[in-house]
Amino acid sequence: SFPDPTRVWRKHHSQGLRVHAVIARWDWRRAALGPGGGSRRAPARLSIKAAVGRGGAALPPARGRAGPLAGARFSGETAPAAAGRAAGRGGDGAGAGAAAAGGPRERGGGAELPAGAGPEAAGAAGGAEIKESASQTRDVLKQHFNDLKGTLGKLLDERLVTLLQEVDTIEQETIKPLDDCQKLIEHGVHTAEDLVQEGEIAILGGVGEQNEKLWNFTKKASHIQLDSLPEVPLLVDVPCLSAQLDDSILNIVKDHIFKHGTVASRPPVQIEELIEKPGGIIVRWCKVDDDFIAQDYRLQFRKCTSNHFEDVYVGSETEFIVLHIDPNVDYQFRVCARGDGRQEWSPWSVPQMGHSTLVPHEWTAGFEGYSLSSRRNIALRNDSESSGVLYSSAPTYFCGQTLTFRVETVGQPDRRDSIGVCAEKQNGYDSLQRDQAVCISTNGAVFVNGKEMTNQLPAVTSGSTVTFDIEAVTLGSTNNNEGGNFKLRVTISSNNREVVFDWLLDQSCGSLYFGCSFFYPGWKVLVF
């Protein structure tokens, strides 16, 4: 038996300004040994229960399984909130789904506190966090309203230019007929004045000259219509321009301005747990504001050496596994939410930092019959006639972890197809349906050491997730006649169903290989 000490510490919530109690329970478990027998103490699991939101609900254990303590962690500067470990769900691109039924089989971790840190240190850290966030919020508000002023000024200037152009257009279109009318009248007046002068000259001339001039005057006057004028519109028909300005817009704008923007003491969602996976990290978040109704969530991450966050998930789920994570590299994660029926996103959660120490799972490169992705975590059965089992490049699966296969695409199924784990590589076999291996066929049949079980899982389809959870049950020799002296308890889950059985091996295995075999092309499998 081993001690089960309990440690309790209190630490200020990063933005909630509330003190949360975090209770960490260390569970000591027995683990598998080498061929020499005996026993040793397995690495500890940190089980975290943190008061969250108004309800103060504790984190629920997932299927009661535990794993060893290690890498994915919260930094002391930015993660006052407690963190645990949990199972993950689906995604695409940089992330992929992990079945919730798979449970937290990976290494757990939590909020880090300096050794011997007391209430004074926690209070100082909380005060620094408040001052820093308050300063950043002031800068954001000032910048936003300055930008808003500039934008509103440009919009008002643009509107003024548009209205002035309308005035110019109306003026030009309506004054042109009046200008033409005025020109015609002025031309007629000038013509009449010239004719009058010509008549006066004709009267003052001699008799012969007078007669000729009077004849020309009379002839010219008969061709000029002095009594004809263009139609002049009535004054009531002449446009009279004016500006129609609704003063109520000031009240409307004032009302919107007074309601624009809010200052939140904490975001409505916070990252709750980080759990490391081989080549990935599962991120789980939760609401901390009971009054906030979330429609969608948005998860971002970045390397700590980068200045730019990248979107990795947008959807309604509250957990996601981020893949393509380099081992022993620190990453930051943050999440926000969009309220029901709203377009804008909430403030970002406090960024949490984590990393994975687990070696990524990789398929063996150069195996004829399968094409691999650049990270060697995706295998595609090609058109090659070569057959055989594609194994992992190394025995990277350890008892106590969750091994996940996700079928991206499917081909023609065959009863000899297999996806599973084995104690060692054995060339010359076309399938994992052999001794020293457990597997599931694409038709859902389960095989243990080459023998088909009575219980069967649903057939594998595109998007199916198959998980293997294995833990040591018996150390040393057994008194049965089943031919094995080392027992492992295996749980295979697929499509919300699972089978549990004991797997007998000739000797203990600290780590296992995984593999797959397909007889027809088109099958694509992602492992993590």
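Being a predicted model, the structure only gives us computed values, none of them experimental.
A donor-acceptor pair shorter than 3.5 Å can be found between the side chains of Gln332 and Arg302. No donor-acceptor contact under 3.5 angstrom links the side chains of Asp296 and Ser316, judged on distance only. Side-chain N/O atoms of Glu276 and Thr357 include a donor and acceptor closer than 3.5 Å. Thr169 and Glu171 are not linked by any side-chain donor-acceptor pair at a separation below 3.5 angstrom, with hydrogens and angles left out of the test.
When atom types are taken as modelled, the side chain of Lys277 and the backbone of Thr402 share a donor-acceptor pair closer than 3.5 angstrom. Side chain of Ser462 to main chain of Val410: no donor-acceptor pair is present (N/O by atom type, distance under 3.5 Å, no hydrogens or angles). Put simply, the side chain of Glu273 never gets that close to the backbone of Val283: no donor and acceptor are under 3.5 Å apart. Judged purely by atom type and a 3.5 angstrom limit, Asp255 has no side-chain atom pairing as donor or acceptor with the backbone of Asn251. A side-chain donor-acceptor contact under 3.5 Å links Ser349 to the backbone of Val335.
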Give the C-alpha distance, both sets of side-chain angles, the deciding distance and a yes or no for side chain to side chain donor-acceptor pair (under 3.5 Å) between Ser242 and Gln244. CA-CA 7 Å; Ser242 63; Gln244 303 297 317; 3.1 Å; yes

With side chain to side chain contact (heavy atoms under 4.5 Å, CB included) as the test, would you mind laying out the steps for Asp311 and Arg298 before giving the verdict? CA-CA 7 Å; Asp311 282 335; Arg298 180 182 178 187; 2.9 Å; yes

Going through the checks in order, is the salt bridge (charged side-chain N to carboxylate O under 4.0 Å, His left out) test met by Asp289 and Arg266? CA-CA 9 Å; Asp289 185 353; Arg266 60 176 181 174; 5.6 Å; no

Check the pair Val314, Trp345 against side chain to side chain contact (heavy atoms under 4.5 Å, CB included), reporting the backbone distance first and the verdict last. CA-CA 11 Å; Val314 175; Trp345 292 99; 4.1 Å; yes

Checking side chain to side chain contact (heavy atoms under 4.5 Å, CB included) for the pair Asp340/Gln295: CA distance, chi angles, key distance, verdict? CA-CA 5 Å; Asp340 188 21; Gln295 174 180 319; 3.5 Å; yes

Steps toward side chain to side chain contact (heavy atoms under 4.5 Å, CB included) verdict (Leu299, Val322): CA-CA 10 Å; Leu299 176 65; Val322 182; 4.1 Å; yes

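Among all heavy-atom pairs drawn from Val466 and Ser494, the shortest one is CG2-OG, 3.9 Å. Minimum interatomic distance between Val288 and Val269 (heavy atoms only, all atoms of both residues): CG2-N, 4.1 Å. Taking each heavy atom of Phe292 and Arg338 in turn, the nearest pair found is CZ-C, 4.0 Å. Considering all non-hydrogen atoms of both residues, His361 and Thr396 come closest at ND1-OG1, 2.8 Å. Heavy atoms only, all atoms of each residue included: Ile130 and Ser133 are closest at O-OG, 3.0 Å. Nearest heavy-atom pair, Pro351 versus Arg334, reported as atom, atom and distance to 0.1 Å: CA-CB, 4.4 Å.
In summary, Glu319 and Arg284 engage in a salt bridge, as defined by a charged side-chain N under 4.0 Å from a carboxylate O. Between Asp330 and Lys303 there is no salt bridge, since none of the side-chain N atoms of the basic residue sits less than 4.0 Å from a carboxylate O of the acidic one.
The shortest side-chain heavy-atom distance between Tyr297 and Lys287 falls under the 4.5 Å cut-off. Taking 4.5 Å as the limit, some side-chain heavy atom of Thr151 sits within range of a side-chain heavy atom of Leu155. In this structure, the side chains of Asp326 and Tyr331 come closer than 4.5 Å at one or more pairs of heavy atoms. Proximity of Leu241 to Val167: side-chain heavy atoms (C-beta onward) are separated by under 4.5 Å at one or more points. Leu148 has its side chain within reach of His260: a pair of non-hydrogen atoms, C-beta onward, lies under 4.5 Å apart. Between Ser464 and Asn495, some side-chain heavy-atom pair lies under the 4.5 Å cut-off. Side-chain contact between Cys336 and Pro268: absent, with no pair of heavy atoms (C-beta onward) separated by less than 4.5 Å. Contact annotation: the side chain of Val350 approaches that of Gln270 to within less than 4.5 Å [non-hydrogen atoms, C-beta and beyond].
The structure places CD1 of Ile440 at 9.5 Å from OG1 of Thr467, a figure rounded to the nearest 0.5 Å. The structure places CD of Glu408 at 10.5 Å from CG of Leu380, a figure rounded to the nearest 0.5 Å. Distance CG/Leu457 to OG/Ser493: 8.0 Å, rounded to 0.5 Å. With rounding to the nearest 0.5 Å, the separation of CG in Leu526 from CZ in Arg375 is 12.0 Å. The structure places CD1 of Ile275 at 9.5 Å from CG of Leu358, a figure rounded to the nearest 0.5 Å. Taking CG of Leu160 as the start and CD of Gln165 as the end, the distance is 10.0 Å to the nearest 0.5 Å.
Looking at residues two or more places apart in sequence or on another chain, you find a side chain to side chain contact (heavy atoms under 4.5 Å, CB included) between Leu390 and Trp363, Thr364, Phe367, Tyr370, Leu372, Ala379, Cys516.
Atom CD1 of Ile293 has 12 or fewer neighbouring heavy atoms from other residues, nucleotides or ligands inside a 6.0 Å radius. Atom CZ of Arg138 sits in a sparse spot, with 12 or fewer heavy atoms from other residues, nucleotides or ligands closer than 6.0 Å. When the shell of 6.0 Å around CZ of Arg376 is examined, it contains 12 or fewer heavy atoms from other residues, nucleotides or ligands. Residue Leu164 qualifies as enclosed at atom CG: its count of foreign heavy atoms under 6.0 Å is above 12.
Residue pairs meeting the salt bridge (Lys or Arg N to Asp or Glu O under 4.0 Å) criterion with at least one partner in residues 146-168, sequence neighbours excluded, do not occur; the list is empty. Listed by first and then second residue, the salt bridge (Lys or Arg N to Asp or Glu O under 4.0 Å) pairs involving residues 241-252 amount to none (not counting sequence neighbours).
Ring geometry, Phe405 versus Phe514: the interplanar angle exceeds 60°, so the pair is classed perpendicular (tilted spans 30 to 60°). Note on ring orientation: taking the six-membered ring where Trp is involved, the planes of Phe320 and Tyr313 are parallel (angle under 30°, cut-offs 30° and 60°). Ring planes of Phe301 and Phe333: parallel class, angle under 30° (limits at 30 and 60°).
Relative to the six-membered ring of Trp523, Arg381 misses at least one condition, a distance below 6.0 Å or an angle of at most 45° to the axis.
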